[in-house]
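Labels below follow one simple rule: chain letters A, B, ... track the order of the sequence lines, proteins then strands, and each chain is numbered from 1.
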Amino acid sequence: MSIPHELNTAVSTAITAAQEAGDLPPFDLPPIIIERPRDPALGDYSCPIALRLAKAARMAPLKIAAAIAAHLPTLPYLGETAVAPPGFINFRLSEKYVQGLTDSILDAGMEYGRLHIGDGQKAQVECVSANPTGPITLGRTRGGVMGDTLARAMKAAGYHTELEYYYNDAGRQITMLGESVQIRYQQLLGQEAKLTDDHYQGAYIADLAQELYDQHGGDLINAPATTFGDYAKDKISAAQKISLARINITFDSYFNERSLYDSGKVWEALETMNQNGYVYKKDGASWFKTTIFGDDKDRVLVKSTGEPSYRMPDIAYHWDKAERGFDVVVDLFGPDHHATAPQVLMGVQALGYDTSFVHTVLHQIVSLIRDGRQVKMSTRRGTYVTLDELVDEVGADPIRYFMISRSGNSPVDFNLDLAVEKSDKNPVYYIQNAHVRCAGIFRKWAAAGLPADADKGADLSLLTHPNELAFLRKSLELSEVLEKMVTTAEPHHLAFYTYDLAAMFHPAYETCRVLHNDVDDETRHARLHFYRAAKQLFARVLDLMGMSAPETM
RNA sequence: GCCUCAGUAGCUCAAUGGAUAGAGCAACAGACUUCUAAUCUGUAGGUUGGGGGUUCGAUUCCCUCCUGGGGUACCA
């Protein structure tokens with residue numbers, strides 16, 4: 001159990017004990033909150049419960065705080081506990097405990113920060129879910145990085161987590177894809193054929209047509225559009241997987257939209273919604289009474305052509321998720337889906353399911369900045385920048401970092417110049433350089449012929465510099481950050497935390513040298529241990545973000 | 001019109017209803033015979049869009065107005 005949770009319990013028992021002793025009157029206990037004080041000088045943790053109890057207890061907050069503090073059980077890792085106006089109870093970790101965090105980090109290794117709040121629970125994160133009709137765009141990339149980062153955090157929190165990609169291999173978009181390739185193919189054969197505005201314009205369409213021509217010559221001239229569509233979607237989907245793998249996103253499962261038709265799930269869902277009284281016919285189409293759920297108008301489920309609208313299979317898909325029994329499902333949607341995401345959940349409710357297990361995470365757009373100016377992109381004209389192009393230009397690590405460097409509610413301005421800059425202005429570089437600096441110490445140590453395990457059994461009480469202690473205190477926060485990420489489904493907390501961690505590391509590196517002549521052997525060994533732990537911790541947090549931890553740069 | 005996101009330092013953004021609203025960039029002033037200065041130290045910078053309300057306490061919750069982005073298909 002993490003320290004905030006233990007403090008929570010401790011405060012709770014202290015209040016009960018104070019009440020039994022007659023130091024506090026009886027009252028209903030509101031939720032106890034343990035937080036980090038704004039000013040670290042006040043302590044490591046803080047509890048404002050006394051302020052909240054003032055009214056119910058009819059006592060001055062300061063007196064309540066004192067009564068609680070007097071009944072607190074002793075906890076091994078705590079130093080002093082103080083009561084401060086207007087009524088805070090402030091907790092401070094003992095220095096010995098903080099110094100010992102080096103061992104905690106090294107013992108836990110790549111499991112450091114592990115939580116148990118998700119133990120025994122099944123979770124799913126769904127993201128990207130682009131149609132296999134073109135390259136991965138930056139918007140989908142953002143959702144993918146956010147989703148993958150959340151999935152990593154959820155695994156660290158104990159959830160059995162799978163990352164899923166909903167593969168839209170049915171419907172109108174695939175039809176248009178097939179026709180687009182077919183038309184390009186016909187053009188290669190010198191036939192009169194033209195793309196309309198609804199077709200895909202990108203150069204990759206012509207490339208696919210050329211591939212088919214190279215393989216089959218003119219033999220496909222009478223083949224149906226589906227022949228071209230099936231070929232194109234398989235090729236494009238394979239390319240999408242490769243693109244995403246380049247930024248360390250690999251999916252545990254691909255869910256095919258087509259399977260929802262093959263299994264009859266789509267029509268079964270419609271029928272069930274109909275039986276539950278949520279569907280009616282109008283103008284030859286089947287409508288979903290979303291207004292029952294507060295929508296401003298009803299929505300079409302099946303078009304008058306008899307073809308389901310995109311909504312119908314999406315509902316069936318989420319119905320399937322509900323039946324698969326996940327305890328938590330996280331769905332990531334870009335700004336173009338902000339309106340439709342709630343409609344899908346309404347559908348699941350119309351099917352008789354509680355949808356509170358689904359967390360929809362929305363994010364805003366990504367724009368590229370080059371030379372201080374926004375890069376113009378247009379999906380229609382096919383002049384958008386793809387994930388592959390971005391990886392080619394800046395590499396995977398900056399993409400992973402910058403895509404979670406803002407709250408999903410804020411747009412991301414991806415600065416191409418900054419992303420590759422080798423200086424402290426570039427947060428990616430700044431963070432990774434902390435790991436590099438640690439690695440440098442061990443390289444130098446080995447080059448000097450010193451024993452690799454010299455820090456074994458080192459006297460950790462020599463780690464007394466405020467910069468060292470501040471870094472170690474920060475290291476303890478990882479599990480709290482992971483918990484916040486999981487409970488709020490907000491991955492940006494990890495990006496900020498990691499930056500802060502680096503900002504606490506570099507001052508320690510400047511002030512607490514290892515190999516300098518004026519450092520005595522005892523201190524030298526303790527510090528070597530400190531940097532061993534620091535290196536391990538940066539490897540850990542970088543891994544949680546899907547980034548590399550380089551030895552040199 | 002309706003839905004949604006945003007409005008916080010010059011700029012880009014943080015801040016589970018708590019203490020003096022924080023970082024980075026930009027600006028200014030300093031620090032290298034260095035385990036790579038690929039960094040550090042310091043200064044300055046605020047009516048949290050306006051106005052109400054709830055609360056012991058509001059950037060945070062509620063109402064209202066203003067401004068900007070996105071969405072508002074029998075496309076996905």
Side-chain angles (χ1 to χ4, degrees), chain A residues 31 33-39 42 46-48 51-52 54-55 60-61 84-88 90 129-131 133 168 171-174 176 198 257 282-287 294-297 299-311 313-314 334-342 362-365 369 405-413 415 418 421-427 429-430 432-434 436-445 447-448 467 480 483-484 487-488 492-493 495-496 499-500 503 506-516 519 527-528 531 552-553:
Chain A
I33 291 163
I34 303 294
E35 58 194 11
R36 292 263 178 181
R38 207 181 284 279
D39 182 359
L42 294 167
S46 166
C47 181
L51 293 163
R52 193 160 298 196
K55 203 168 206 174
F88 290 96
N90 292 328
S129 298
N131 294 336
T133 55
N168 292 270
R172 180 182 147 80
Q173 298 303 318
I174 297 298
M176 297 316 291
D198 289 340
E257 179 185 11
K282 193 182 87 180
D283 303 334
S286 295
W287 293 73
D295 204 355
D296 57 343
K297 57 185 171 194
R299 309 287 171 172
V300 167
L301 290 173
V302 182
K303 305 180 216 172
S304 53
T305 59
E307 206 181 4
S309 77
Y310 66 92
R311 224 169 259 120
D314 280 2
D336 50 338
H337 285 68
H338 282 194
T340 64
L362 308 177
H363 65 83
Q364 303 291 330
I365 56 168
I369 308 292
S405 67
R406 296 279 179 267
S407 151
N409 290 334
S410 289
V412 163
D413 286 337
N415 188 326
L418 180 64
E421 187 169 315
K422 295 192 170 189
S423 81
D424 59 332
K425 286 179 194 168
N426 178 358
Y429 195 84
Y430 184 75
Q432 289 182 321
N433 190 38
V436 169
R437 284 182 139 183
C438 292
I441 293 171
F442 287 95
R443 242 190 340 268
K444 202 103 176 175
W445 186 276
N467 290 349
E480 295 156 44
E483 181 172 352
K484 191 193 283 184
T487 53
T488 63
H492 71 277
H493 297 295
F496 282 93
Y499 184 87
D500 289 345
H506 289 297
Y509 180 88
E510 293 286 329
T511 50
C512 302
R513 301 281 162 165
V514 178
L515 288 156
H516 279 203
V519 179
R527 288 181 177 176
L528 188 70
Y531 287 108
T552 57
M553 289 201 291

For this session: Could you tell me the separation between the CD1 atom of Ile33(A) and the P atom of rA15(B), rounded to a whole number of Å?
Result: 17 Å

Exercise. At under 4.0 Å between heavy atoms, what does Tyr531(A) touch on the DNA or RNA strands: base, sugar-phosphate, or nothing?
Worked result: base

Exercise. Relative to each other, are the rings of Tyr509(A) and Tyr531(A) parallel, tilted or perpendicular (30° and 60° limits)?
Worked result: perpendicular

Exercise. From rC40(B), rU36(B), rC74(B), pick the nucleotide closest to the side chain of Val300(A)?
Worked result: rC74(B)

Problem set entry | Residue Gln173(A), side-chain heavy atoms: nucleotide from rG18(B), rA76(B), rU39(B) that is nearest | rA76(B)

Exercise. Can you name the one residue among Ile441(A), Leu515(A), Val519(A) that meets side-chain contact (heavy atoms from CB on, under 4.5 Å) with Arg527(A)?
Worked result: Val519(A)

Exercise. If the P atom of rC62(B) is compared with that of rG17(B), how far apart are they to the nearest Å?
Worked result: 11 Å

Exercise. Can you give one letter per nucleotide of nucleotides 19-30 of chain B, 5' to 3': B if a protein heavy atom sits under 4.0 Å from the base, S if only from the sugar-phosphate, - if neither?
Worked result: B-SS-SSS----

Exercise. Looking only at atom P, what distance separates rU8(B) and rA15(B), rounded to whole Å?
Worked result: 14 Å

Exercise. Distance between the P atoms of rA58(B) and rC13(B), in whole angstroms?
Worked result: 27 Å

For this session: Encode nucleotides 1-7 of chain B as B, S and - characters from 5' to 3', where the letter depends on protein heavy atoms closer than 4.0 Å: B to the base, S only to sugar-phosphate, - to neither.
Result: -S-SSS-

Exercise. Would you say the side chain of Thr305(A) and the base of rC74(B) hold a donor-acceptor pair, judged only by whether the two atoms sit under 3.5 Å apart?
Worked result: no

Exercise. Side chains of Glu510(A) and Arg437(A): closer than 4.5 Å at any heavy-atom pair?
Worked result: yes

Exercise. How is Asn415(A) classified with respect to the nucleic acid when contacts are heavy atoms under 4.0 Å: base, sugar-phosphate, or nothing?
Worked result: nothing

For this session: Please work out if Val302(A) contacts a base, only the sugar-phosphate, or nothing of the nucleic acid, heavy-atom cut-off 4.0 Å.
Result: nothing

Seminar exercise, completed: Closest to the 5' end of RNA chain B, once Arg52(A) and Lys55(A) are matched to their nearest nucleotides, is Arg52(A)

Exercise. Roughly, in whole Å, what's the span from CZ in Arg406(A) to C1' in rU12(B)?
Worked result: 5 Å

Exercise. When the distance from CZ of Arg299(A) to P of rU72(B) is rounded to whole Å, what number comes out?
Worked result: 10 Å

Problem set entry | Nearest-angstrom distance, P atom, rU33(B) to rU16(B) | 44 Å

For this session: Would you mind classifying the nucleic acid contact of His337(A) as base, sugar-phosphate or nothing, using non-hydrogen atoms under 4.0 angstrom?
Result: base

For this session: Rounded off to whole Å, could you give me the CZ-to-P distance for the Arg311(A) and rC74(B) pair?
Result: 7 Å

Problem set entry | Atom pair distance, as rounded to whole Å: CG in Leu301(A) and C1' in rC75(B) | 15 Å

Seminar exercise, completed: Lys303(A) NZ to rA76(B) C1', in whole Å, measures 9 Å

For this session: Round to a whole Å and report the spacing from CG of Asp314(A) to P of rC74(B).
Result: 15 Å

Exercise. How is Arg513(A) classified with respect to the nucleic acid when contacts are heavy atoms under 4.0 Å: base, sugar-phosphate, or nothing?
Worked result: base

Seminar exercise, completed: Note: for Pro507(A) and Trp287(A) on RNA chain B, the residue whose nearest nucleotide lies more 5' is Pro507(A)

Exercise. Using the C1' atom in both, what is the distance from rU60(B) to rA19(B), to the nearest Å?
Worked result: 16 Å

Exercise. If we take the P atom in both rC61(B) and rG7(B), what is their distance in whole Å?
Worked result: 11 Å

Seminar exercise, completed: A correct dot-bracket answer for RNA chain B, with pairs being Watson-Crick or G-U at under 3.5 Å, [ ] for crossing pairs and | for inter-strand pairs, is (((((((..((((....[...)))).(((((.......))))).....(((((..]....))))))))))))....

Exercise. Tell me, do Glu35(A) and Phe88(A) make a side-chain contact under 4.5 Å, heavy atoms counted?
Worked result: yes

Problem set entry | Whole-angstrom distance between rU12(B) and rU20(B), as gauged at atom P | 29 Å

Seminar exercise, completed: To the nearest angstrom, the CG-P distance between Asn467(A) and rU39(B) comes to 17 Å

Exercise. What distance, rounded to whole Å, do you find between the two C1' atoms, one in rG45(B) and one in rC5(B)?
Worked result: 28 Å

For this session: Using a cut-off of strictly less than 4.0 Å, decide whether His492(A) has a side-chain nitrogen or oxygen near OP1 or OP2 of rA15(B).
Result: yes

Problem set entry | Sugar-phosphate, base or nothing in reach of Ile174(A), heavy atoms under 4.0 Å | nothing

